[in-house]
Colleague: 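Can you read through this structure? Questions will come right after.
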Amino acid sequence: MKRKRVKELLSGQATGEKVLVKGWVRTKREIKNVAFVALNDGSTINNIQIVIDINAFPSDLLRDITTGASLAVTGTLVPSQGKGQSVEITASEVTLYGKCDPETYPLQKKGHSMEFLREIAHLRFRTNTFGAVMRIRHAISFAVHKYFNDRGFYYLHTPIITGSDAEGAGEMFHVTTLDMENIPRTKEGKVDYESDFFGKPTNLTVSGQLEGELGALALGEIYTFGPTFRAENSNTPRHLAEFWMIEPEMAFWDITDNMDLGEDFTKYLIRYALDNCREDLEFLNKMIDNALIERLEFVLANSYMRLTYTEAVEILEKANRKWEYPVGWGRDLQAEHERYLVETHFKRPVILTDYPMSIKAFYMKQNDDGRTVRAMDVLFPGIGEIIGGSQREEEMDKLTGRIEELGLPLKDLWWYLDTRRFGTAPHSGFGLGFERLILFMTGMSNIRDVIPFPRTPRNAEF
RNA sequence: UCCUCAGUAGCUCAGUUGGUCAGAGCACCUGACUGUUAAUCAGGGGGUCCUAGGUUCAAGUCCUAGCUGGGGAGCCA
């Protein structure tokens with residue numbers, strides 16, 4: 001007999017047909033003559049109830065059916081006599097695949113703290129919360145590809161290992177095959193990278209953007225979706241050393257097109273989750289964050305507030321409150337300022353544009369005023385910056401001028417500058433931190449709990 | 001990296017001015033219960049009080065350092 005998934009069984013009618021189901025025991029409740037087993041196979045947050053006649057099965061088999069044990073059950077799918085579920089399976093055959101010693105199995109029927117579950121991240125997928133989060137993470141990943149594919153964007157695989165150290169997005173992890181116990185040195189006493197695997201220093205990527213621009217200036221619209229690495233010593237609920245980033249890059253798009261994309265894209269993904277992950281979202285809404293679904297629907301129902309950095313600074317200066325960090329034109333906005341704009345002043349997502357040139361990256365398009373650039377940051381409630389992007393500087397003189405001002409190694413960027421040298425064109429793009437988006441979509445509060453295996457300073461377990 | 005809070009049973013925690021302080025709930029085990037829903041009821045086992053020093057007649061409790069974790073900040077996505 002072919003196995004049926006719990007999701008399929010629960011969505012059908014109790015026809016009295018014979019079915020085979022396999023999964024892991026969540027709970028077992030025994031009373032005098034009958035045992036109830038809640039079985040889950042990961043296909044849905046819901047369990048199917050298995051009803052076992054205690055007198056019809058060997059007692060040592062029943063004893064081994066404990067939380068976490070894996071079973072195959074054959075039985076008839078019938079209407080449930082109890083409340084709480086519409087169908088259940090009356091077991092006729094039960095096979096135990098794997099026992100699960102209740103004395104040592106760390107997961108209990110009762111709730112656990114997120115901190116404890118993080119210590120047993122190899123087992124936490126078996127909880128309702130992490131099952132829901134991982135199913136949503138999958139669905140949104142799929143929706144990202146669907147969104148771009150449906151709109152003619154090409155998925156470009158930018159490199160994980162990079163020889164470029166000019167991205168300037170943060171501290172990098174070195175990639176090397178040199179013997180760390182016996183590092184080869186040049187005559188001058190420096191590390192001899194000539195003998196390293198690539199013959200030069202290499203790192204894990206901090207962004208696929210520069211390579212993404214190369215693709216966009218030939219293919220039109222591209223996007224990347226891959227792992228990204230930052231060796232920053234950041235210990236916060238919003239930072240990971242290894243995270244996934246989505247970076248679309250579009251030739252002939254200006255900053256307004258870019259903002260439209262950022263808003264439409266994030267709304268599409270939220271809509272996708274509401275349409276396709278309803279049960280998981282309802283569970284998270286009930287157990288993790290009571291305002292989750294309301295907040296998702298609110299974001300969909302309103303347009304994002306768009307204003308310039310200069311306008312934002314004026315609002316903050318007029319705001320009747322004390323800032324821990326001073327507000328003033330030319331200073332970068334701090335978390336407290338962004339939070340005020342999003343959560344107190346506008347009460348919806350905000351897109352800030354036209355930041356001072358001095359606080360933004362070299363590749364951003366310079367405005368005619370000579371002091372601002374066409375940057376755009378999308379700020380979300382609870383998370384802060386979820387998207388950072390810009391129209392890119394396509395004029396060679398202005399771009400190289402800026403690179404020199406900042407003292408970046410011009411000659412290492414020869415390949416990037418070739419796009420401006422040969423058939424340059426206006427173009428735009430942005431980066432979206434995937435885990436931050438999942439944080440927003442699930443109502444979880446720590447980024448370590450929305451990625452299967454979190455990497456943070458001093459932690460690379462599992 | 002900085003600020004701050006915490007670390008006691010498998011989990012979540014209580015433990016007062018240093019002196020019967022080794023505790024509770026849940027989990028687990030045993031038993032009861034004729035359909036349970038985080039079942040219920042009765043009983044039972046279970047401890048490196050984070051680590052290393054120090055103060056004291058006496059330290060889970062006070063002091064110092066370290067480790068680990070949470071929250072906030074910076075950096076950013």
Colleague: Categorize Glu88(A) for me: base, sugar-phosphate, or nothing, with a 4.0 angstrom heavy-atom threshold over every strand shown.
Modeller: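 Counting heavy atoms under 4.0 Å across all strands, the contact made by Glu88(A) includes a base.
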Colleague: To the nearest 0.5 Å, how far apart are CZ in Phe225(A) and NE2 in His157(A)?
Modeller: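 Nearest 0.5 Å value for the CZ-NE2 distance: 11.0 Å.
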Colleague: Given rA39(B), rC28(B), rG74(B), identify the nucleotide with an atom nearest to the side chain of Arg29(A).
Modeller: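 Among rA39(B), rC28(B), rG74(B), the one nearest the side chain of Arg29(A) is rA39(B).
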Colleague: For rU68(B), does OP1 or OP2 lie under 4.0 Å from any side-chain N or O of Arg458(A)?
Modeller: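 Yes, such a contact exists.
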Colleague: So which nucleotide from rC76(B), rG35(B), rG69(B) ends up closest to the side chain of Asp332(A)?
Modeller: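 Of the candidates, rC76(B) comes closest.
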Colleague: Look at all strands and tell whether Thr236(A) reaches a base, only sugar-phosphate, or nothing, counting heavy atoms closer than 4.0 Å.
Modeller: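 Result for Thr236(A) = base.
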Colleague: Given Leu39(A), which partner from the list Leu71(A), Val6(A), Ile65(A), Asn47(A) fulfils the side-chain contact (heavy atoms from CB on, under 4.5 Å) test?
Modeller: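 For Leu39(A), the side-chain contact (heavy atoms from CB on, under 4.5 Å) test succeeds with only one of Leu71(A), Val6(A), Ile65(A), Asn47(A), which is Leu71(A).
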Colleague: Nearest to the side chain of Arg118(A), heavy atoms from C-beta on, is which of rG70(B), rA73(B), rU36(B)?
Modeller: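 When the side chain of Arg118(A) is considered, rG70(B) is the closest of rG70(B), rA73(B), rU36(B).
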Colleague: Base, sugar-phosphate alone, or nothing: which one does Leu240(A) contact when heavy atoms must sit under 4.0 Å apart?
Modeller: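 Base contact - Leu240(A) has a heavy atom under 4.0 Å of at least one base atom.
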Colleague: Whether Arg402(A) and Glu405(A) form a salt bridge (side-chain N of Lys/Arg under 4.0 Å from carboxylate O of Asp/Glu) is what I want to check.
Modeller: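 Answer for the salt bridge query: yes.
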Colleague: Consider only side-chain N and O atoms of Tyr304(A) and Thr266(A), and report whether a donor and an acceptor are under 3.5 Å apart.
Modeller: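 Present: a donor and an acceptor within the cut-off.
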Colleague: Which one is paired to rG43(B), where only Watson-Crick or G-U wobble pairs with both distances under 3.5 angstrom count?
Modeller: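 Pairing partner: rC29(B).
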Colleague: Under 4.0 angstrom, heavy atoms only, what part of the nucleic acid is Tyr105(A) near: base, sugar-phosphate, or nothing?
Modeller: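 Result for Tyr105(A) = nothing.
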Colleague: Quick one: the side chain of His239(A) and the base of rC76(B), do they pair up donor-acceptor inside 3.5 Å?
Modeller: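 Side chain to base: pair found, below 3.5 Å.
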Colleague: Can you tell me the Watson-Crick or wobble partner of rU36(B), both distances under 3.5 angstrom?
Modeller: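 Pairing partner: none.
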Colleague: Under 4.0 Å, counting only non-hydrogen atoms across every strand here, what does Pro106(A) touch: a base, just sugar-phosphate, or nothing?
Modeller: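 Since no nucleic acid heavy atom lies under 4.0 Å of Pro106(A), the category is nothing.
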Colleague: Watson-Crick or G-U wobble partner for rA24(B), using a 3.5 Å limit on both distances?
Modeller: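 Check on rA24(B): paired to rU12(B), both distances under 3.5 Å.
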Colleague: Choosing from rC33(B), rU36(B), rG35(B), which nucleotide comes nearest the side chain of Gln85(A)?
Modeller: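 Nucleotide nearest to Gln85(A)'s side chain: rU36(B).
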Colleague: Under a 3.5 Å cut-off for both contacts, is rU55(B) paired Watson-Crick or G-U wobble with anything, and if yes, with which nucleotide?
Modeller: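 Across any shown strand, rU55(B) pairs with none.
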Colleague: So if I take every side-chain heavy atom of Glu232(A) and compare against rC75(B), rG72(B), rC33(B), which nucleotide ends up nearest?
Modeller: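 The answer is rC75(B), which lies nearest to the side chain.
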Colleague: Given that both distances must come in under 3.5 Å, which nucleotide forms a Watson-Crick or G-U wobble pair with rG69(B)?
Modeller: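 Pairing partner, where one exists within any strand: rC5(B).
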Colleague: Between rU1(B), rU37(B), rC76(B), which nucleotide has the shortest distance from any of its atoms to the side chain of Asn233(A)?
Modeller: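 Closest of the options to the side chain of Asn233(A): rU1(B).
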Colleague: Counting only Watson-Crick or G-U wobble pairs whose two distances fall under 3.5 Å, which nucleotide matches rU61(B)?
Modeller: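 Paired with rU61(B), as far as the under-3.5 Å criterion goes, is no nucleotide at all.
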Colleague: Give the nucleotide from the list rA39(B), rC75(B), rG35(B) with an atom nearest to the side chain of Gln49(A).
Modeller: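 Closest nucleotide to the Gln49(A) side chain: rG35(B).
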Colleague: When we call it a touch if two heavy atoms are under 4.0 Å apart, what does Thr104(A) touch: a base, just sugar-phosphate, or nothing?
Modeller: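 Counting heavy atoms under 4.0 Å across all strands, no contact is made by Thr104(A).
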Colleague: Please identify which of these residues, Tyr147(A), Tyr155(A), Tyr154(A), meets the ring-ring contact (aromatic ring centres under 6.0 Å, His included) condition with Tyr223(A).
Modeller: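 Considering Tyr147(A), Tyr155(A), Tyr154(A), a ring-ring contact (aromatic ring centres under 6.0 Å, His included) with Tyr223(A) is found only for Tyr155(A).
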Colleague: State, to 0.1 Å, how close Phe283(A) and Ala132(A) come at their nearest heavy-atom pair, and which atoms those are.
Modeller: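 That closest heavy-atom pairing would be CD2-CB, 4.5 Å.
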Colleague: For the rings on Tyr268(A) and Phe148(A), is their centre-to-centre separation under 6.0 Å?
Modeller: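 Between Phe148(A) and Tyr268(A), which both carry aromatic rings, the centre distance is not below 6.0 Å.
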Colleague: Is there a donor N/O on one and an acceptor N/O on the other, under 3.5 Å, for the side chain of Glu115(A) and the base of rU12(B)?
Modeller: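 Looking at the base of rU12(B), it does not pair with any donor or acceptor on the side chain of Glu115(A) (distance under 3.5 Å).
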Colleague: Between the side-chain atoms of Ser234(A) and the base atoms of rC76(B), is any donor-acceptor pair under 3.5 Å?
Modeller: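 Counting by modelled atom types and ignoring angles, no donor-acceptor contact under 3.5 Å is found here.
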Colleague: Arg230(A) has a side chain; which of rG69(B), rC76(B), rA73(B) sits nearest to it?
Modeller: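 Per side-chain heavy atoms of Arg230(A), the pick is rC76(B).
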Colleague: Could you check which of rG74(B), rC28(B), rU12(B) has an atom nearest any side-chain atom of Phe116(A)?
Modeller: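 That would be rU12(B).
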Colleague: Would you say Asn235(A) places a side-chain N or O within less than 4.0 Å of OP1 or OP2 belonging to rG70(B)?
Modeller: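 It does not, given that no N or O in the side chain of Asn235(A) lies less than 4.0 Å from OP1 or OP2 of rG70(B).
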Colleague: Checking all strands, does Ala335(A) fall into the base, sugar-phosphate, or nothing category for heavy-atom contacts under 4.0 angstrom?
Modeller: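 Ala335(A): backbone/sugar contact only, no base atoms under 4.0 Å.
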Colleague: Check whether any side-chain nitrogen or oxygen of Asn33(A) sits under 4.0 Å from OP1 or OP2 of rU34(B), and answer yes or no.
Modeller: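 So the side-chain polar atoms of Asn33(A) never come under 4.0 Å of the phosphate oxygens OP1 or OP2 of rU34(B).
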Colleague: Please determine if a side-chain N or O atom of Lys109(A) lies less than 4.0 Å away from the OP1 or OP2 oxygen of rA39(B).
Modeller: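 Lys109(A) to rA39(B) OP1/OP2: side-chain N or O found under 4.0 Å.
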Colleague: Respond yes when some side-chain nitrogen or oxygen of Gln334(A) is under 4.0 Å from OP1 or OP2 of rA73(B), and no when none is.
Modeller: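 No.
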Colleague: I want to verify a distance call: between rG74(B), rA39(B), rG71(B), whose nearest atom is closest to the Thr27(A) side chain?
Modeller: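 The answer is rA39(B).
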